[in-house]
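Report on the following structure.
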Amino acid sequence: MDLAYTEEEEAFRDGLREWLARALPTLPAPPSPHDWPGRRAYDTAWQRALYDAGYGGVHWEATPTQRLIFLEETEEAGAPYVGANFVGLLHAGPTIAAEGTPEQRARWLPPILRGDEVWCQGFSEPDAGSDLASLRTRAWRDGDHYVVRGSKIWTSHAEVADWCELLVRTDPDAPKHRGLTWLALPMAAPGVTVRPLRTLAGSTEFAEVFLDEVRVPVDHRVGAEDDGWRVTLVTLSYERGTAFAGEVVACRRVLGDLAREARADGRWDDPVLRRRLGRLSAEFGALWRLAQWNASEAQHTGGVPGPGASVFKLRYSHARQELYDAAADVLGDDALDLGRTWTRERLSSLSYTIAAGTSQIQRTIVAERLLGLPKGR
Amino acid sequence: MDLAYTEEEEAFRDGLREWLARALPTLPAPPSPHDWPGRRAYDTAWQRALYDAGYGGVHWEATPTQRLIFLEETEEAGAPYVGANFVGLLHAGPTIAAEGTPEQRARWLPPILRGDEVWCQGFSEPDAGSDLASLRTRAWRDGDHYVVRGSKIWTSHAEVADWCELLVRTDPDAPKHRGLTWLALPMAAPGVTVRPLRTLAGSTEFAEVFLDEVRVPVDHRVGAEDDGWRVTLVTLSYERGTAFAGEVVACRRVLGDLAREARADGRWDDPVLRRRLGRLSAEFGALWRLAQWNASEAQHTGGVPGPGASVFKLRYSHARQELYDAAADVLGDDALDLGRTWTRERLSSLSYTIAAGTSQIQRTIVAERLLGLPKGR
Amino acid sequence: MDFQLSADQRALRDGFREILRARFGRDALRAAVDAPGLDRELWRALGKAGFFALCVPEARGGLGQGAAEAVLVFEEAGRALLPGPLVATFLAAGDVEGAATGETVVTAVSGTLVPWLAEADVVRGDVTAAEPLRSVDPLTPLHRVPGRREDGPDVSLLLAAEQLGSACASRDAAVRYAGEREQFGQPIGAFQAVKHLCAELLVRTEPARAAVYAAAVTGDPREAVAAKLLADDAAVRNARDCLQVYGGMGFTWEADVHLHLKRAWVRARLGTTAARAEEELAAAL
Amino acid sequence: MDFQLSADQRALRDGFREILRARFGRDALRAAVDAPGLDRELWRALGKAGFFALCVPEARGGLGQGAAEAVLVFEEAGRALLPGPLVATFLAAGDVEGAATGETVVTAVSGTLVPWLAEADVVRGDVTAAEPLRSVDPLTPLHRVPGRREDGPDVSLLLAAEQLGSACASRDAAVRYAGEREQFGQPIGAFQAVKHLCAELLVRTEPARAAVYAAAVTGDPREAVAAKLLADDAAVRNARDCLQVYGGMGFTWEADVHLHLKRAWVRARLGTTAARAEEELAAAL
């Protein structure tokens, strides 16, 4: 057991840190959260800058430890988030890399890495959330095309995406985990309609995507027809892996900021608040160590996030909600003010126990797959 | 909505209070918890005193409000608990009263009310806990007797009981809720063996009862053969009704004692502890009001505890555990000392979320019966 | 002792629930979310229905009812998410001209917050230095003032009643959704995890209800504060658990879940807040 | 960075687990519960196996291992519920004659408590006014002293490792029982309510494990205190949830559940307690 980084890893960190110190001051002002084209331009420009500096493929090609260092350093330096590049870099990209043909990889991967093309995800449907495999969006063959009809929901960045990784049902008679197919849908195709979906935070992070007889060339299929479920599972666990490690770093910074604010306004005299923040400090410290543990484990198992990812996701999502509940205690009446960042973050933290698998689903996964408990009748 | 007691109720309270003031000073010293015959003698003598004073049947014959007053006043006055008379007064007795023949009522009820005979309960089995109806203790007819073979567990006061209300399987081929029969078993019958069961608190509150071809006269059957499940359900909800109301009064007194001790030893300066006790004060205050609400409701519905009893039981059992966790905070290192009553009470509080239906079972009951949610497949 | 609703009380509650259903149903609620601002017409309708005059003595033109009746109608207001400075106007109905009829809208400083300041005709407390904040609750505009004004237990009791109603609404919504929404081939309410969440929603409302009603009946200020503590908790946690039952749908603006959560957060900061309530109750031990 | 057990560390842990299984299996544990008192033979066997000398420098006859190795063996000790003043003797092995070999039993005042005072040969701290209490843990006799003696982070770290092992033991016991015990025609572990309880048992151990191991590797005293905070919580809550999974059987003296709970309570009061740990961590924010 060692928490010291190798010379190579330290060199990677130093190089990244130096580059960030040079690159970040040249960044333009961040766009308004409601300016979608602006956000796309900002996020993709940042990805291009990363690419040019040799960090474009860090989520794919680097070792898990390098990836952790990348997340830690970019977060510490206040670098932009992955933003509009999320699905391309962390989901569709890895899927295509693992399951695509050489032509598909050549067509789609470089534009993702260079920040030229943005992807979004078309998996969930209004009636297929936790039970993703019950999705109903249909696709059938018509010559060298699939014709797709249905709708998708919770699609981030749909307004500005070039491509959508789409999961459709090609064999309605097969059992629900079979008969699904993974397609790359061009968002510009006729019949695609995007309707922004407003969240309780008032933002429109998500959209619904309606597909009305949209034609997708057959060579846009990744993996075999009816084999989409397996193709999807290959990368689904990425979301639960070290993806949150950067956020843990951010949460630790927020904790420090909360303590500073509480000290400044006298609330620090309240031991109830102090002890709550002290406990959260232990909590996020442990989550960071767990992220390092998981990264080291992945390094041993060849880059695949271990099953511990569900454990991490469960604990982290609840810890994050507790953090922002504690923030509300620090804010006092200001917790009702949307002008305060922490109030807005508190609202978005509400999705953490739901998105990417509810806590209930995660607990079932942990119990059945990690602990080997039997499935119910 | 009214929390004022009627003149009649106040008269009942005054009479009880006066009698308690006279009766309690004449009580002998309480027996050691390990002295079973002594406990039986003490508990039954107290029941006899209640009977002579006209309070013997308060759990049966009084109105729900009178019963609440009885529980409140006896608890406040520090009167003995129902103790060894529990099953007779609150379970077997009401069952015989509701379902027994005139002869059975005449035979068994007066001795219960006078404290002459003690009953225990033989329902649970090692393999039939939450799933009580799956019990396997068998009984078959042999002339005018049943012959019983099997074993029971969690039987309080078995060492000193005269009778056991016994649930046995008379038809092994019927579905599990059918084919059960309710018998009154004389504990002195040949073939009955009692083995004390030590709890984690170190006490032997419970026993296992082994039944080796024990003969029980057929006229000791209450209700029809194979109808024992229904007979049992008639009174099972009594346990979850206002039975805990006296304990809520006791918990409020403990809270006051905790505050006194914390004030005396300086721990009261800790706002974390103070606020915790303050919240528990609200909690037990509400539970007392809920007990009054449930009693008033029962008064309207003719004495039957409403389905709110499961809600009360769930909330109370968790509140009681929180109370004794808070007590451990007040005690500090003394929380490790079994010489302190609160340490021992903390240990016994651990059974509250398990006994008389685990919290998991109670939540399912609440969700399905009160909220109408569907049963799972 | 008869700690159950009387026939009159049931009739009052049902009648007011009916009025709210007719005058402030789901469409009106969502319209109010989209176009904030106090609906004076609704306010006058409430006045006409006797909402504000409920506890004004009959000799002075009111309905002469007591605190028990007040918590029943405030529970319904909380259930319906009725917006506006209800508590302040209600408590002013006896002495501010027009408050009882709904003509005059009254608000008050509560702690350091003032709800609905811009829309109010009469303000209790010093608001000379009031500054607006961007309220988290789309249905409750808020200002802050530098000085503190402590509320009496009557304010906490009525807020607690609203929280109770909101907690019940979240419970009912969760149970309804759990019975309808299907995943993995059955209603999600058939899964124990969801079932037990729903059970806890009820386990939170019932003690809070007993506490609120009892505080109204006894008039004990400490019981009012305790009732608010439990009702705040029930309203906030029920809304959050309801959101969890709703899943992604609960995270949308279109679902009402967030409206209950946000209003519960606001009410928790008005009247006696948790820390003060706990200290007050501890001091009395 | 390679934050995983090395082959040597795995061998050390497995070897020690094997020794404990052979020398202090379930029968020995229950025998110790029935006949309290320190088993000197077992103590010498531990000494012979290198338990106490693990971190004594090789130059002085020890095994020269570090804190990482220490937490691994203490985790196993916690898992097996190994009794005795392990931490004090371990930390004294470098300078108290005979401690390293298990000949000399060393205890120490921790806060205001002294475990195993009557059985110890050497005592650190002032025990002149020590008074016995009736220990809740049948496997840990306790005395109290009037003065306080604060422990260093090394004590907290080793206690945290024991708590971690105990938390894992409770988790494993709960999972095993849930898979075997049948009610309503299926293993209770097939019911979501039980399944999710078991999942939380794992969710508590894994961050605690990462915290304990990391604190050992970095030697940061604040991490040691944080690790104790999380491990205390995991050990106590896992034992309680395990008891809930066991149902009535968990409430019996014969089940080991209560031994884990009681020992976890004792360890939580030794070393840095929760309130102090939280304050210390807050102060560093």
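FYI, side chains are in, hydrogens and waters are out, and symmetry mates aren't considered; it's all heavy atoms of this structure. Below, chain A is the first sequence line, B the second, and so on; all start at residue 1. The structure displayed is predicted, hence computed values, not measured ones.
Once rounded to the nearest 0.5 Å, the distance linking CG of D:D2 with OG of A:S296 reads 5.5 Å. Rounded to the nearest 0.5 angstrom, D:H196 NE2 and A:R363 CZ are separated by 7.0 Å. Here A:L314 contributes atom CG and D:L202 contributes atom CG; the two are 9.5 Å apart, rounded to the nearest 0.5 Å. Atom CZ of residue A:R279 and atom CG of residue D:L230 lie 7.0 Å apart, to the nearest 0.5 angstrom. Summarising the geometry, atom CG belonging to A:L290 is positioned 9.0 Å from atom CZ belonging to D:F3; distances are rounded to the nearest 0.5 Å. From D:D8, atom CG reaches atom CE of A:M1 across 12.0 Å, with rounding to the nearest 0.5 Å.
For chain A, the option among D:R209, D:R204, D:E280 with the highest count of heavy-atom pairs below 4.5 Å is D:R204. Among A:R260, A:R263, A:E283, the residue making the largest number of heavy-atom pairs under 4.5 Å with chain D is A:R263. The choice from D:P207, D:G179, D:A178 that makes the most heavy-atom pairs within less than 4.5 Å of chain A is D:P207.
D:E279 and A:R274 are joined by a salt bridge, as a carboxylate oxygen and a charged side-chain nitrogen come within less than 4.0 angstrom of each other. Taking a cutoff of 4.0 Å between a charged side-chain nitrogen and a carboxylate oxygen, D:E206 and A:R315 do not qualify as a salt bridge.
When heavy atoms are compared at a cutoff of 4.5 Å, A:A286 approaches chain D by way of both its backbone and its side chain. Neither the backbone nor the side chain of D:R222 comes within contact range of chain A, judged by heavy atoms closer than 4.5 Å. Of the atoms belonging to A:R252, not a single heavy atom falls under 4.5 Å from chain D. Proximity to chain D (any heavy atom under 4.5 Å) is shown, for A:Q360, by both the backbone and the side chain. The parts of D:V203 that come within reach of chain A are both its backbone and its side chain, each placing non-hydrogen atoms under 4.5 angstrom from that chain. Contact of D:L5 with chain A is made through backbone and side chain together, with heavy-atom distances under 4.5 Å. For chain A, no part of D:A227 is nearby; none of its heavy atoms comes within less than 4.5 Å. Only the side chain of A:W268 comes within contact range of chain D, with heavy atoms under 4.5 Å apart. Looking at A:E9, only its side chain comes within 4.5 Å of chain D, counting heavy atoms on both sides. Interface remark: D:E223 contributes side-chain atoms only to the contact with chain A (heavy atom separation under 4.5 Å). For a residue to count as touching a neighbouring chain, one of its non-hydrogen atoms must lie under 4.5 Å from one of that chain's; by this rule D:Q192 touches chain A with the side chain only. Within the 4.5 angstrom heavy-atom criterion, only side-chain atoms of D:D233, from C-beta onward, approach chain A.
Nearest heavy atom pair, residue D:K195 against residue A:K375, reads NZ-CA, 3.5 Å.
Counting heavy atoms of neighbouring residues, nucleotides and ligands inside a 6.0 Å radius, atom CD of A:E8 does not exceed 12 of them.
Counting heavy atoms from C-beta outward, A:V366 and D:E200 have side chains that stay 4.5 Å or more apart. The closest side-chain heavy-atom distance from A:D2 to D:M1 is not below 4.5 Å.
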A:R289 vs D:Y213, side-chain contact (heavy atoms from CB on, under 4.5 Å): CA-CA, chis, key distance, verdict | CA-CA 9 Å; A:R289 295 309 191 189; D:Y213 291 179; over 6 Å; no
